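Everything quoted here is computed from the prediction, not taken from an experiment.
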Amino acid sequence: MSYDPSNIFARILRGEIPCKKVFESEHVLAFHDIGPKAPHHILVIPKGAYVSAQDFGEKASAAETQEFFQAIAKISADIGIAAGGYRLISNAGENANQEVPHFHMHILGGAPLGPMICRPA
Ligand code: AMP
């Protein structure tokens with residue numbers, strides 16, 4: 001799948017629409033999810049044009065990859081959810097119902113989150 005620069009996270013990165021930013025560095029932006037599914041629900045995205053976790057894993061540089069996971073750890077510590085635990089989710093592609101085709105990691109925390117996933121019927 002080729003990258004679609006009209007996706008909503010690309011528009012946030014270009015400053016065309018606002019976000020509630022929590023972190024920014026050379027390669028990474030993080031902001032509050034617009035429809036939070038937990039007391040803390042942050043989206044972490046690379047600034048580079050990657051469609052999904054698969055695309056990022058195949059093509060991102062070592063610097064981008066390192067900065068991405070360091071950002072997750074820093075954000076989780078800064079917002080106070082690291083000690084209690086949190087969940088990372090990245091939906092990639094059709095079977096995962098990925099809605100926005102720009103790689104993003106959900107950080108969910110701040111309360112017990114229950115079982116990881118329910119098996120579809
Ligand atoms: P996914 O299904 O993994 O692609 O998740 C996309 C996420 O993006 C959903 O949790 C949406 O609530 C979130 N989202 C969509 N538009 C925005 C936006 N403008 N600002 C923040 N989060 C958004």
Side-chain angles (χ1 to χ4, degrees):
M1 183 184 186
S2 61
Y3 185 81
D4 174 5
S6 70
N7 78 75
I8 196 137
F9 294 167
R11 297 186 63 204
I12 286 174
L13 284 167
R14 290 195 296 269
E16 294 169 5
I17 57 172
C19 70
K20 284 178 65 182
K21 183 166 76 174
V22 296
F23 175 88
E24 183 167 14
S25 62
E26 182 182 357
H27 298 299
V28 177
L29 179 68
F31 49 90
H32 290 273
D33 194 292
I34 204 167
K37 306 291 192 298
H40 292 279
H41 187 171
I42 307 293
L43 298 172
V44 185
I45 69 172
K47 291 184 176 176
Y50 301 102
V51 176
S52 65
Q54 185 66 27
D55 196 27
F56 187 75
E58 288 176 355
K59 297 178 189 158
S61 68
E64 288 174 300
T65 307
Q66 182 180 36
E67 202 175 294
F68 189 81
F69 283 96
Q70 286 177 338
I72 289 169
K74 176 170 172 39
I75 293 161
S76 300
D78 286 353
I79 66 175
I81 63 171
Y86 57 89
R87 182 170 293 156
L88 301 178
I89 296 176
S90 187
N91 296 312
E94 196 175 336
N95 281 352
N97 289 337
Q98 182 180 359
E99 292 171 14
V100 180
H102 181 111
F103 171 47
H104 51 283
M105 189 73 81
H106 299 255
I107 306 177
L108 297 145
L113 297 170
M116 184 175 72
I117 193 169
C118 296
R119 189 179 171 88

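Checking side-chain atoms of Arg11 against main-chain N and O of Pro18 turns up no donor-acceptor pair under 3.5 Å. Although no hydrogens or angles enter the test, the distance criterion places a donor-acceptor pair under 3.5 Å between the side chain of Lys37 and the main chain of Gly35.
Within the 4.5 Å cutoff, the side chain of Asn91 has no heavy atoms near those of the Glu99 side chain. Phe31 places a side-chain heavy atom less than 4.5 Å from the side chain of Ile45. Leu43 has its side chain out of reach of Met105: every pair of non-hydrogen atoms, C-beta onward, lies at least 4.5 Å apart. For the pair Leu29/Leu13, a side-chain contact is recorded, criterion being any heavy-atom separation below 4.5 Å from C-beta on.
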Verdict with supporting geometry, Ile107 and Ile81, side chain to side chain contact (heavy atoms under 4.5 Å, CB included)
CA-CA 10 Å; Ile107 306 177; Ile81 63 171; 3.7 Å; yes
What's the verdict on side chain to side chain contact (heavy atoms under 4.5 Å, CB included) for Leu113 and Leu108, showing C-alpha distance, side-chain angles and the deciding distance?
CA-CA 8 Å; Leu113 297 170; Leu108 297 145; 4.2 Å; yes
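In this structure, the separation between CD1 on Ile89 and CE on Met116 is 8.5 Å, given to the nearest 0.5 Å. Atoms NE2 and CD, from His27 and Gln70 in turn, are 11.0 Å apart once rounded to the nearest 0.5 Å. To the nearest 0.5 Å, atom CD1 of residue Ile42 and atom NZ of residue Lys21 are 13.5 Å apart.
Each ring-ring contact (aromatic ring centres under 6.0 Å, His included) pair with one or both residues in residues 84-121, not counting sequence neighbours, appears once here: Tyr3-His102, Phe9-His104, His41-His106, Phe56-Phe103, Phe68-Phe103, His104-His106. Within the structure, the side-chain hydrogen bond (donor to acceptor under 3.5 Å, both in side chains) test picks out the following pairs touching residues 47-63 (sequence neighbours left out): Glu24-Lys47, Tyr50-Glu64, Gln54-Glu58, Asp55-Lys59, Ser61-Glu64.
More than 12 heavy atoms of other residues, nucleotides or ligands lie within 6.0 Å of CD1 in Ile17, so this atom counts as buried by the packing criterion.
Closest approach of Pro39 and Ala111 over heavy atoms only: CG-CB, 3.8 Å. Nearest heavy atoms, Ala92 versus Ala53: CB-N, 4.4 Å.
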